[in-house]
Structures are given as structure tokens and as C-alpha cells.
Amino acid sequence: MFTTKHQIIRYKKLDKCFQNFGREYSIEDLLECVNEAILDFDSKSSGVQIRTLRKDIAFMRSAYEAPIETIKGSNGINYYRYSDKSFSINKSPLNDTEAKQLRNAISILQRFEGSPEFEWVNELGPLLNDKFGLKKQEQKVISLETNIDYKGYEYITPLFNAIINKTVLEVTYAPYNKAEYIVTFHPYFLKQYNNRWFVFGYNEFNQMAQWNLALDRIHKIENSRKKYFLDKTDWFEFFDEIIGVSKDPVKSPEKVSLLFNKEQAPYVQTKPLHGTQKNKLQSDGSLLVEIEVVINYELEMRILSFGEKVKIVSPESLVTKILDRITQQYKNY
């Protein structure tokens with residue numbers, strides 16, 4: 001079966017070989033060169049076989065109209081090269097397959113138009129359409145949940161650039177019900193949760209490397225000339241231990257057991273609360289769910305959102321917290 005894995009790497013290597021008029025590349029030589037290129041890119045790859053290589057050559061002849069000729073060498077073995085030394089697939093216009101793939105990619109990107117954090121698509125889409133002569137897909141078929149009035153959107157791009165360029169920032173920040181202050185901040189990671197954006201980084205004042213700032217509470221950002229502290233946090237592992245964005249650095253993940261009634265059980269099975277979720281279906285149709293997370297505010301709010309359809313089994317500390325919240329809520333009525 002024709003393999004598409006490492007396809008571009010194979011084509012580019014073959015392209016260079018066919019342009020080299022100083023060497024006669026037999027099919028075995030081409031196979032060796034292609035597999036060396038693949039191994040340089042992916043050391044665990046076993047490479048490809050001659051059958052795949054012959055199909056690559058046929059594809060290049062067809063899709064790129066590559067002038068690949070087969071010539072009998074002085075040793076009687078056939079070798080391959082371009083009849084036109086100046087030809088390269090990199091100089092060729094997009095073939096039908098590539099044009100279709102690019103058109104589909106642009107179409108997908110343009111579904112995000114209107115979402116403030118994807119404003120760059122409004123500029124990129126028309127440029128690509130114009131450069132490659134692709135017809136723009138006007139019909140929108142995807143709607144994203146977003147808060148168009150969210151006031152933190154304007155800081156996404158400057159924060160992203162600061163992370164990429166390793167720039168220290170002076171951030172004017174105003175927490176809820178607290179006085180505004182300026183923090184020297186080394187940004188490392190942007191995270192969206194529940195239609196709000198947060199930036200994580202090193203706070204010089206309290207020397208915490210995993211401090212987070214809500215973008216909607218930022219009032220001003222200015223670049224600083226201070227030296228940027230490099231970060232070694234695995235942010236994906238960092239968020240694997242929590243629901244949401246709040247994480248107490250002194251807490252460790254603990255097992256949380258929740259019992260959902262039979263009406264809610266199918267929903268929780270198809271949309272897990274967390275990646276560590278384990279399900280145990282009970283005889284009455286209810287579902288016992290176990291997750292291992294650092295207990296935080298977002299977890300408490302998530303549990304409360306299920307109302308009477310869930311009961312906390314353990315730990316006892318979480319039972320007490322949720323009971324206190326329900327009691328206070330009851331007093332409101």
C-alpha cells in the first residue's frame with residue numbers, strides 16, 4: 001500500500017537527486033538517499049521499499065509534470081534524472097491535489113472569522129486566496145462559543161509576542177475588589193478557560209514561576225529591559241493535574257469520587273470531567289466516577305453545576321466545602 005508518511009520529505013530528496021547531473025542515481029541509490037533523509041527526520045522510521053519509491057516517481061511525473069527520464073548508464077544499469085536541469089518541484093505551481101488541500105485549509109481557517117482571537121485570519125485568508133488563485137468559500141458552517149464583549153482580547157497578541165520573543169513585561173493589573181498594582185512579569189503560557197483568557201508566568205514580586213493573570217483584569221502592558229527568566233515548566237503536564245486554571249503549588253493531586261444519578265450518567269460518560277476519569281456503572285444505572293486532580297475552585301464550581309444529579313463520595317474535605325456552599329446558597333432563598 002502506498003504510504004503518505006514522510007511523503008514531502010521523500011519528494012524533496014528525490015527532487016535534489018534528479019537535479020544532480022554529477023551522479024547517476026539508480027533506483028537503489030535513490031532508495032538509499034530517500035531512507036537516509038527519512039531517518040534524519042524520524043530516527044524510529046524503518047524507511048520505505050522500492051515499490052513506494054516507484055510510486056513516488058510516478059506521482060511526481062503526473063502531479064508535478066516532473067521531466068524525470070530513465071537513462072541506461074555506462075554500466076548497463078538505469079539511472080534517473082530530470083531532462084531539464086533547471087526544473088524543481090519547488091518552482092512548480094500548485095498541483096490540483098495541493099490546491100484542494102490548501103483551499104480546504106483556508107476554508108477551515110475562515111470559519112473562525114469573527115472570533116476576536118482569530119482576527120489574523122481576516123488578513124491571511126484573502127492573501128492566500130489571491131496568491132494561489134483559490135476561490136473563497138463564503139458559506140460559514142461552524143459557530144464558536146465566544147464572548148465578543150470580553151475586554152482582554154486586545155492583550156492576546158502582545159502577550160503571545162512577548163512569550164515568543166522572551167520579553168519581560170510591566171503589567172498594570174487590577175484584581176476584583178482590590179487596588180490596582182504594577183507587576184514585573186515574565187510570560188510563559190496563554191490559556192483559555194470558560195471563555196476567559198489567562199497568562200501564566202513568573203511574578204518577580206512574589207517570585208512565583210506559575211503565577212496567572214486574567215487578561216480582562218489587565219489595564220496596561222509595557223515592555224521592560226530586564227533579563228527574561230527562562231522557564232522549564234511542562235505546561236501541558238501542569239494543566240493535566242487540574243480542572244480550570246487555579247493550582248495551589250503546595251497541593252498534590254488526590255482521588256475524587258463522585259456518584260452521578262442514572263439521568264446524568266450517559267452525559268458524564270460521553271463528556272468526561274477530566275483525562276484521569278474512570279467510570280464504574282452501578283446496578284441501579286448510576287455512575288461512580290473517579291478522577292485524580294488538585295482540588296480547586298473550578299472543580300467545586302463544576303460539581304455544583306450538576307445540582308442534585310451528583311453526590312460527592314470522597315474526599316471528606318471536598319464534601320464539607322460543597323456542603324458549606326450549598327448551605328450558604330440555601331440561605332439566599
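Since this is a predicted model, take the numbers as computed values, not measurements.
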Notebook entry, point to check: Does S88 reach the side chain of Q19, with side-chain heavy atoms less than 4.5 Å apart?
Noted result: yes
Margin query: Has S224 got a side-chain atom pairing as donor or acceptor with E170's backbone, closer than 3.5 angstrom?
Written below: no
Next item on the list: Supply the atom-to-atom distance K321 NZ to I303 CD1, rounded to the nearest 0.5 angstrom.
Entry: 10.5 Å
Note to self: Against Q282, only a single residue in L287, L259, N261 fulfils side chain to side chain contact (heavy atoms under 4.5 Å, CB included); can you say which?
What the structure shows: L259
Next item on the list: Measure the acute angle between the ring planes of Y188 and Y228, then classify it against the limits of 30° and 60° as parallel, tilted or perpendicular.
Entry: perpendicular
Notebook entry, point to check: Should the pair F18 and Y80 be assigned to parallel (<30°), tilted (30 to 60°) or perpendicular (>60°) ring geometry?
Noted result: tilted
Margin query: With a 4.5 Å cut-off on side-chain heavy atoms, are S252 and V294 touching?
Written below: no
Notebook entry, point to check: Is a side-chain N or O of Q277 found less than 3.5 angstrom from the main chain of L273, in a donor-acceptor match?
Noted result: yes
Next item on the list: Check the pair D284 / K262 against salt bridge (Lys or Arg N to Asp or Glu O under 4.0 Å), numbers first and verdict last.
Entry: CA-CA 7 Å; D284 62 354; K262 63 180 180 180; over 6 Å; no
Margin query: Is there a side-chain contact between L230 and K166 in this structure, where contact means two heavy atoms from C-beta onward sitting under 4.5 Å apart?
Written below: yes
Notebook entry, point to check: Ion pair present between R302 and E300, side-chain N to carboxylate O less than 4.0 angstrom?
Noted result: no
Item checked: Heavy-atom side-chain proximity of T172 to I218 below 4.5 angstrom -> no
Next item on the list: Could you tell me which non-hydrogen atom of L30 sits nearest to which non-hydrogen atom of C17, and how far apart they are?
Entry: CD2-CB, 3.6 Å
Check: Could you state the interatomic distance from CZ (R23) to CZ (R81), rounded to the nearest 0.5 Å?
Finding: 14.0 Å
Margin query: Which Ile, Leu, Val, Met, Phe, Trp or Tyr residues join I71 in one cluster when any pair of side-chain heavy atoms under 4.5 Å counts as a link?
Written below: Y79
Notebook entry, point to check: At what distance, to the nearest 0.5 angstrom, does CE of M60 lie from CG of L14?
Noted result: 5.5 Å
Notebook entry, point to check: Does any donor atom in the side chain of S83 or E69 lie under 3.5 Å from an acceptor atom in the other side chain?
Noted result: no
Next item on the list: Among L323, D324, L318, find the residue that satisfies the side chain to side chain contact (heavy atoms under 4.5 Å, CB included) test when tested with T320.
Entry: D324
Item checked: Nearest-0.5 Å distance, CD1 of residue I242 to CG of residue L299 -> 10.5 Å
Checklist line | Heavy-atom side-chain proximity of N223 to V168 below 4.5 angstrom | finding: no
Notebook entry, point to check: Can you tell me how far CG of D56 sits from CD1 of I50, rounded to the nearest 0.5 angstrom?
Noted result: 12.5 Å
Item checked: Nearest non-hydrogen partners of Y25 and C33, listed with the distance -> CE2-SG, 3.7 Å
Check: If you round to the nearest 0.5 Å, how far is CD of E308 from CD1 of I326?
Finding: 10.5 Å
Item checked: Side-chain heavy-atom pair D216, Y153 within 4.5 angstrom cut-off -> no
Note to self: If I compare all heavy atoms of P253 with all of E241, which pair ends up nearest, and what's the gap?
What the structure shows: CG-CD, 3.8 Å
Check: Taking the six-membered ring of F21, is NZ or CZ of K85 closer than 6.0 Å to its centre and within 45° of its axis?
Finding: yes
Note to self: Can you give me the closest heavy-atom contact between F87 and Y64, atom names plus distance?
What the structure shows: CZ-O, 3.7 Å
Note to self: Can you confirm if the NZ or CZ of K191 lies within 45° of the ring axis of F200 and under 6.0 Å from the centre of its six-membered ring?
What the structure shows: no
